[in-house]
Engineer: 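Here it is, the structure, as structure tokens.
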Amino acid sequence: MSSAEASATVGALGAGDAAASEPPVPPAVRRLRRGGMASLFASETATLFRRWRTWAMLASLGLIPILIAIAIRIAGPSGPGRGPAFLDQVAGNGLFVGMTALVVATPLFLPLTIAVVSGDAIAGEASHGTLRYLLIAPAGRLRLLAVKYAVAAVFCLAAALTVIVVGTLIGWALFPIGPVTLLSGGQIPVGEGLLRLLAIGAYVAVSMLGLSAIGLLASTLTVVPVGAMAATAILAVVAQIVGAIPQLEWVHPFLFSDRWFDFDDLLRSPPSWESFGDNALLQAAWIAVFGGLAAWRFATRDILS
Amino acid sequence: MSDLAIQTHGLTKRFRAQVAVDGIDLAVPRGSVFGFLGPNGSGKTTTIRMLLGLVGATAGTARVLGTDMPKGLDDVLPRVGALVEGPAFAPFLSGAANLARFDAADRHASPSTRGRRVAEALDRVGLSHAARKKAGAYSLGMKQRLGLANALLMPRDLLVLDEPTNGLDPQGTREVRSLIRSFAADGTTVFVSSHLLAEVEQLCTHVGVMSAGRLVAQGTLDEFRRSGASRVEVLTPDPDAARAVLARIGLVTDAAAAAPVEAAASAGDGDALVTAALSDDRAPGGRAADDPAADQPAAEAVVAALVRDGVRVRGFAIRRTSLEQRFVELTGEGFDVVG
């Protein structure tokens, strides 16, 4: 069954290109194009953002920069070297609020929300009983899995952007905004500073993709979403603990959390995209392994929920 | 193109040590309303899950609408509407949004007509007024209707309905029955599982009976009814004479009724109820072609013979085995859950 479904999914994916380049479209292909994968992706994305829970998580992520900004506004700037990275710069330049908040959110809070969304992907449907109805629609097992992963990736981006956007807004409201002093010493104007901020947001979103794949696999192993979420969140913490133990240095380059904080390369002049690429490669490896395991598991599993 | 909408050969599902479905050979003719009967836990839902590709068969084959399953899943399922083991919805979405979501999962469903088809399906099950209400706030009966609406989003060749009237009030039950009749009138094959005999009796043209994972009987409803023995009941103060007459004309009087029964329900004092089997017990589906009552005397001939011999007949009835008796005979355990 798995191979048959895989080829059907590939057929659906390829149908768009085939139809665009060749005028005579076989009826079967034309039929597949209707609706298609994009339709399910749009529907599932809309479903994610129609959940109260999604907005609650984004709102709590947005609270982090607000908390940081208000604390500094009231208590005054902290000395250099104290607190999270960039914290000492916030009072001088509001653009650093979003960056500081990302540094604060990345170890625990952000992975927690990612674990909730990715762990819920399949297990949540199973627990509602909607999985069987999606599959007999028929969504196609691999197609559904791919769409669910894509939706989790959308949430990664939305989460990172929420922190950046809220941080920038509150920073702009409470602190002076000015040219950003880079780590390499030079200064860039506000507009370019905002672009660098967005790049950092993208970096953090990409950082969470490996964890999302782990959550997706966990989600196919159980019909209890909370179990999948907890397992994913615990793995995120464990990876960071392992990453902090020097005796386990040999394993560090393989950890999905190894490059979570390497985004300061984007604050050099000119920006160095090398760490962005390395991080993307690392995450891609995790996606390949855990996404593959999830597909293998989900393609043949008996749906009894 | 096969004339069977569903056809299985030796379909088997084993969960670890337990055999849930044990080598069943289903044959559901196109255009029929097929009642899939069986006590709880007899393997009905597992069979349905296998037919829809949710569960892989341990052994055997299944063809749905002439296509091998689960290989032809992507081609077949768009033509199949189903309600499996109760309706299920995302509680945080409205009824209409839930339907739109399932529709989006069907690659063959056009997004441009989605809104209209959702509205029509909701209207057909009488839920238009609750379309914008969150599905989590629906009553059980409303969810059941929404589940039916989901099965109706696209034109279907086959409807697989697992306990469709579960949780519905009597009015809702009647509506669902008339809905099912209207599908059948359109030529849609309806495969409806139920443990409610009355429902099957009123709706179905064909029945299959599951017991402990096996398909113990299958055929048209008439064959199924005929297969049970009909009985002659004579209420008379002369039981011995009556029994002698019945025996002479070739009926087998019941041993159980050999002792005069005090007919408490009847009016006359000293009346006894004499019963005899009218036709043989036959397995349905098997030798169905020949009329089982052909070699039996007609009912009026029985009465005439009794009266001719001076038996005072105070009551006479031909009792067909009720579907329920037949069901209990076949499944052996009535409505108990099989462990």
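Lettering follows sequence order; numbering is per chain, from 1.
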Engineer: How close do B:Gly53 and A:Arg141 get, counting heavy atoms only, and between which atoms?
Structural biologist: O-NH2, 3.1 Å
Engineer: With a 4.5 angstrom heavy-atom cut-off, could you sort out which part of B:Asn150 is near chain A: side chain, backbone, both or neither?
Structural biologist: side chain
Engineer: Provide the closest heavy-atom pair for A:Leu135 versus B:Leu54 in the form atom of the first, atom of the second, distance.
Structural biologist: CB-CD2, 3.9 Å
Engineer: Of the backbone (N, CA, C, O) and the side chain (C-beta and beyond), which part of A:Ser127 lies under 4.5 Å from a heavy atom of chain B, both, or neither?
Structural biologist: neither
Engineer: Residues of residues 81-88 of chain B under 4.5 Å from chain A (heavy atom pairs)?
Structural biologist: B:Ala82, B:Leu83, B:Val84, B:Glu85, B:Gly86, B:Pro87, B:Ala88
Engineer: Looking only at heavy atoms and a cut-off of under 4.5 Å, which of A:Leu144, A:Leu304, A:Leu134 has the most pairs with chain B?
Structural biologist: A:Leu304
Engineer: Determine yes or no for a side-chain-to-main-chain donor-acceptor pair under 3.5 angstrom, with A:Arg143 supplying the side chain and B:Ala105 the backbone.
Structural biologist: yes
Engineer: Quick one: does B:Val80's side chain get under 4.5 Å of A:Ile136's, heavy atoms only?
Structural biologist: no
Engineer: Which pair of non-hydrogen atoms, one from A:Pro138 and one from B:Asp106, has the smallest distance, and what is that distance?
Structural biologist: CD-OD1, 3.8 Å
Engineer: Just to be sure I understand the criterion: a residue of residues 50-58 of chain A counts if one of its heavy atoms is under 4.5 Å from a heavy atom of chain B. Which ones qualify?
Structural biologist: A:Arg50, A:Arg51
Engineer: Relative to chain B, which of A:Ala137, A:Ala42, A:Gly124, A:Gly129 shows the most heavy atom pairs under 4.5 Å?
Structural biologist: A:Ala137
Engineer: In terms of heavy-atom proximity below 4.5 Å to chain A, should B:Leu52 be classed as side chain, backbone, both, or neither?
Structural biologist: both
Engineer: For B:Arg14, does the CZ atom have more than 12 heavy-atom neighbours from other residues, nucleotides or ligands under 6.0 Å away?
Structural biologist: no
Engineer: What orientation do A:Tyr133 and B:Phe102 show, parallel under 30°, tilted 30 to 60°, or perpendicular over 60°?
Structural biologist: tilted
Engineer: If you compare all heavy atoms of A:Ile303 against all heavy atoms of B:Val55, which two are closest, and at what distance to 0.1 Å?
Structural biologist: O-CG2, 3.8 Å
Engineer: Checking B:Arg101 against chain A: side chain, backbone, both or neither under 4.5 Å from a heavy atom?
Structural biologist: both
